[in-house]
Each structure stands twice: as structure tokens, then as C-alpha cells.
Amino acid sequence: MKQQHIELPIVTNDGVFLAHYSEKGLAGLDFPKVGRASSRAVSAKQIPLEILRWHRTTGEALKAVLTVRAPKEMPPLDMTGTAFQKSVWAAMRKISLGKTKSYGEIAAGIGRPKAVRAVGGACGANPIPVLVPCHRVLAANKKIGGFSSGLDWKIDLLKREGIIC
DNA sequence: TCCGTATTGAACT
DNA sequence: AGTTCAATACGGA
């Protein structure tokens, strides 16, 4: 019994995101990539009804965040990672809309005040950007820092939320 | 075990 | 004010 790793596109005004689902929930989310002509056509029949339901929720939540609104509902997240990473991701999800935290604050929040760089590593390993608001985590002096899936997205999202000019 | 990392804060130009 | 440097925790090879 292989793990079905299903990819489904989410069409937004900002492009086509690609959601990855496992049998347990949303396992990943990719930013739109230029030049991805056609995501593989998946016949809707092959997709478990449960996943379609998650996908709908995911799409709503994603669009909500992209329009600077709090998601009303989140799909189950299947985040594979170490205990430390889960702590970091959980801490990041507590950041409310339009707010920011520094890596140091996240580290302190999970009881490891000096693990700031490790926090950065966990952010980079975050499989679900946007929904887990890793873009709201800035460096201590309010500098942007980095972003795995493209710094442009981070800046753009921060602009929408009025965090930066 | 060693290396890289989306950091940080202090010391030095 | 800009730059360099050491410290620190964790994950991957």
C-alpha cells in the first residue's frame, strides 16, 4: 500500500499554487512557478472524497490569506517533522494577521531562547508556506531575512499586510 | 562528527 | 552607520 501523494492545483489571482495531500491531510504547498505549463491532469474520480473536501478548505484558506483576511477554516495539516520543528510551526501559526515576530521571539516562545538559527532552519523546512505564516517572521532588527520559496513572495505578502511599506 | 543555516548582538572600522 | 565575527541549536550527509 503506497502512500498516495496527490497534487492538486489551486488557482488564485496570484497564480496557481500546488497543494500536496497525503492520506492524513495537507502535506505541502508550493508557490506558483513560472513556466509550469500544465500541472498533471488528475482525474477527479481517483481522488478520495475526503481530500477533495480538504482541498476546498485549503483553497478558501489560501485565498483568504492572500487577500489579507483570516482563514475561517483550516484543513488538517500533515506535517512531517521533528518535535522541534513542530514546535516552531505551531508557534508560527499563532502569529495573527498583520503581526510579526522575530526568530528570537519564536525561539523564546518554545523554550529555546538561543536556538534562533535552528528556528530559521525549521522555517525553511516548513512545507506549508502562507498557511503557516512563515513570512511574518522577520529578523530582530525588522529586516526581511530570507525565504526559501522566493524572497519576492515574502516581501509582497508583507506589503499586503501593511507590515512594510 | 562535521557542515550549513531564513540569526543575533557586540566589537571594530 | 556599515561590516565582520564568534556563539549557539538543530538537521542532514
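Below, chains carry the letters A, B, ... as their sequence lines are ordered, and counting in each starts from 1. The figures that follow rest on heavy atoms only: side chains count, while hydrogens, waters and symmetry mates do not. The model shown is predicted, which means the values in this text are computed figures rather than measured ones.
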Would you say CG of A:N13 has more than 12 non-hydrogen atoms from neighbouring residues, nucleotides or ligands within 6.0 angstrom?
no
Which of residues 104-118 of chain A sit near DNA chain C, with a heavy atom under 4.0 Å from it?
A:R112, A:K114, A:A115, A:R117, A:A118
If I compare all heavy atoms of A:L29 with all of A:H20, which pair ends up nearest, and what's the gap?
N-CD2, 4.3 Å
Per-residue pairing states of DNA chain B in dot-bracket (Watson-Crick or G-U under 3.5 Å; . unpaired, | other strand) read |||||.|||||||
Give me the one residue out of A:I10, A:I47, A:L26 that meets side-chain contact (heavy atoms from CB on, under 4.5 Å) with A:H55.
A:I10
Measure from CD on A:Q85 to P on B:dT5 and round the result to the nearest Å.
16 Å
Going by an N to O cut-off under 4.0 Å, is there a salt bridge joining A:R160 and A:D14?
yes
Taking all non-hydrogen atoms of both residues, which atom of A:A91 and which atom of A:I110 are closest, and how far apart?
CB-CG2, 4.0 Å
If you look at every strand shown and take non-hydrogen atoms under 4.0 Å, does A:Y103 touch a base, only sugar-phosphate, or nothing?
base
Can you give the first and last nucleotides of DNA chain C, 5' to 3', that have an atom under 4.0 Å from a heavy atom of chain A?
C:dA7 to C:dG11
Check whether any side-chain N or O of A:K154 sits under 3.5 Å from a backbone N or O of A:I144 as a donor-acceptor pair, and report yes or no.
yes
Only counting residues at least two apart or in another chain, list the ones meeting ring pair (Phe, Tyr, Trp, His ring centres under 6.0 Å) with A:W153.
A:F17, A:F31
Shortest non-hydrogen contact between A:T57 and A:E73, atoms and distance:
CG2-O, 3.5 Å
With no hydrogens and no angle check, is any side-chain donor or acceptor of A:W89 less than 3.5 Å from a backbone partner on A:A122?
yes
Ring pair (Phe, Tyr, Trp, His ring centres under 6.0 Å) involving A:F84 - partner list, sequence neighbours excluded
none
Within the side chain of A:E105, is there an N or O that forms a donor-acceptor pair under 3.5 Å with the backbone of A:S102?
yes
Which ones in residues 126-159 of chain A lie close to DNA chain C, meaning a heavy atom under 4.0 Å from one of its atoms?
none
Restricting to non-hydrogen atoms, name the atom on A:M74 and the atom on A:L77 that form the minimum distance, rounded to 0.1 Å.
CE-CD1, 4.4 Å
Does the distance from a Lys or Arg side-chain N to an Asp or Glu carboxylate O, for A:R136 and A:E161, drop under 4.0 Å?
yes
